Amino acid sequence: MNSHTLLVRFTHFSLVILLTSVSAASSHKIPRLSVFHETITRGTSKTISTFDPEDLETFFYPQTLDHFNYQPESYTTFKQRYVINFKHWGGANESAPIFVYLGDEAPIDGQLPIIGFLIDNAPHFKALQVYIEHRFYGESIPFGTTKSNESTQGYFNSAQALADSAELIIYLKKKLSAHNSPVIISGGSYGGMLAAWFRLKYPHVALGALASSAPILYFDDITPHDAYFVVVTKDFKEASKSCYKTIRKSWSVIDRVASQRNGLAYLSQKFKTCSPLSDAAELKDFLINTYAGAAQYDMPPSYPVTQICGGIDGAKGNDVLGKIYAGLVAYYGNQTCFVNQIDGSTTSADDSDVADLGWDWQDIKLVLRRFASNIIFTNGLRDPYSSGGVLEDLSDTLLAVYTANGSHCLDLLIATETDPQWLIEQRKVEVKIVEGWLKTYYADLCALT
């Protein structure tokens, strides 16, 4: 799987985009960064840097509800949560940089201990670490409730979230008297999209942006609607042709069995479903989402695609369904039950809850359609989120930095002792790019003073 980085520099302002994209047209749930926080910590791998929650301070900013209209209700405020780590900051007197992480479709809590771009690099750059929670997630809830209706959903969009961050960063720089401290934005997946858009929309606020695995231009009529799952298929085929053939054959076998008398009951028993299957699509969707998640987060040291294929290929006999089940056990472990529990298909009892349904709504109605123009698309080669786009330098200041391997947002995560050499080198390239931005910035600042 390939991770990629696109560097965009306008004069002395810069943008780094780790390239990837996702199908908006798919009916399946695409795995996202917030869903896999436990997965991407990579088990028990020992981290190189030390994360201490005691170093974090939590604040709430009275954020403007609506940045773009002038109705009286637009000036309503809500408490937006942000977290700061001052430990390594060189201070305003040194114009030390400010590293800002833009939260995505989840509470900010789970991301604080894993975002290595800030944790690992703050000591080197003497950077202030700032983490901003996205509106309508975690504790940053307008109206004091996540209950959704037509009048509240309109405020739940990416343009408002970008303006939130801009207002908050400007406020912080003023509060800390850090007027000359350069700001580097970062984010992963949807948060990476926000980071890229932020750099383009607010270049006077951010010097540069690292957008890890950001599907910036995966919109209708720009890339093939099935590109994501084409790459998932390719990943499994490259891992094992026999595994790929078994998975491919399994779809017709599942349909055939399901059409028979008591077929759904048989499939429910075969796959140890947590509740009886009502349709073959329920099982197939679970398997598709499992394969998609494994491919998207095919990271060391476990390499989920290899795990699944090892289970499938290692199963004895010619029972296709038995082989598929063995792949599930190899990946998830010997669970009490599968399908209805693991795929997260159970929904909140209250379907008006924005926190539960917000991303599905954001994904289709706002994120992947609202910014369908004026955005540079970038992508990778094997990461499913990298299904089409720019793979080479576009100019002297629009650069693509990529690796031969990788998985979703892996470069953004905290470094561990088991990281492969290609990942270590990729992060070094990113750090060198940021060093270049800052060197130019400080030279210009010095010339002005």
Side-chain angles (χ1 to χ4, degrees), residues 1-5 18-33 35-36 39-40 42-43 188-189 192 212-215 218 223-251 284-315 320 323-332 342-343 378-389 391 400 402-413 419-420 422-423 426:
M1 312 255 292
N2 290 24
S3 295
H4 295 261
T5 305
L18 261 199
L19 325 142
T20 53
S21 60
V22 60
S23 171
S26 170
S27 61
H28 304 290
K29 295 179 181 179
I30 306 300
R32 60 188 193 270
L33 184 61
V35 175
F36 287 88
T39 301
I40 60 183
R42 287 164 285 164
S189 196
S212 177
S213 296
Y218 206 113
T223 56
H225 74 281
D226 59 349
Y228 182 95
F229 289 103
V230 167
V231 180
V232 172
T233 300
K234 184 179 179 182
D235 285 352
F236 276 85
K237 191 173 184 179
E238 290 178 349
S240 166
K241 287 186 178 180
S242 60
C243 172
Y244 155 77
K245 290 179 180 179
T246 301
I247 293 174
R248 186 178 180 88
K249 187 177 181 180
S250 70
W251 308 125
K284 292 194 292 184
D285 283 349
F286 169 73
L287 293 172
I288 289 170
N289 292 332
T290 294
Y291 302 146
Q296 186 169 309
Y297 294 96
D298 195 30
M299 60 181 61
S302 58
Y303 294 105
V305 171
T306 302
Q307 276 188 325
I308 292 174
C309 282
I312 290 175
D313 291 340
V320 171
K323 287 178 176 291
I324 296 299
Y325 177 74
L328 293 180
V329 173
Y331 182 47
Y332 290 116
I342 299 174
D343 69 351
T378 60
N379 79 297
L381 294 175
R382 290 186 60 202
D383 182 350
Y385 254 64
S386 304
S387 317
L391 292 177
Y402 52 88
T403 68
N405 299 284
S407 71
H408 196 50
C409 300
L410 183 57
D411 67 302
L412 195 66
L413 305 183
D419 286 337
W422 60 261
L423 177 57
Q426 181 183 1

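Everything quoted here is computed from the prediction, not taken from an experiment.
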Contact summary for [X] and [Y], nearest pair of heavy atoms:
X    : Y    : result
F229 : I288 : CE2-CG2, 3.5 Å
D298 : V305 : OD1-N, 3.1 Å
I312 : C243 : CD1-SG, 3.8 Å
D411 : S212 : OD1-OG, 2.8 Å
A330 : G311 : CB-CA, 3.8 Å
Y291 : V232 : O-CG1, 3.8 Å

So, using side chain to side chain contact (heavy atoms under 4.5 Å, CB included) as the criterion, who are the partners of [X] when residues are at least two apart?
X    : result
A326 : A315
K249 : V253, V320
Y244 : T233, K237, R248
S302 : P304, Q307

Which distance, rounded to the nearest 0.5 Å, do you find between the [atom1] of [X] and the [atom2] of [Y]?
X    : Y    : atom1 : atom2 : result
I308 : T246 : CD1   : OG1   : 13.0 Å
S250 : K323 : OG    : NZ    : 12.0 Å
F236 : T306 : CZ    : OG1   : 9.0 Å
I247 : K245 : CD1   : NZ    : 13.0 Å
I324 : L287 : CD1   : CG    : 6.5 Å
M299 : D419 : CE    : CG    : 10.0 Å

With sequence neighbours excluded, what pairs up with S242 under the side-chain hydrogen bond (donor to acceptor under 3.5 Å, both in side chains) test?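 S242 satisfies side-chain hydrogen bond (donor to acceptor under 3.5 Å, both in side chains) with S240, D313 once adjacent residues are dropped.
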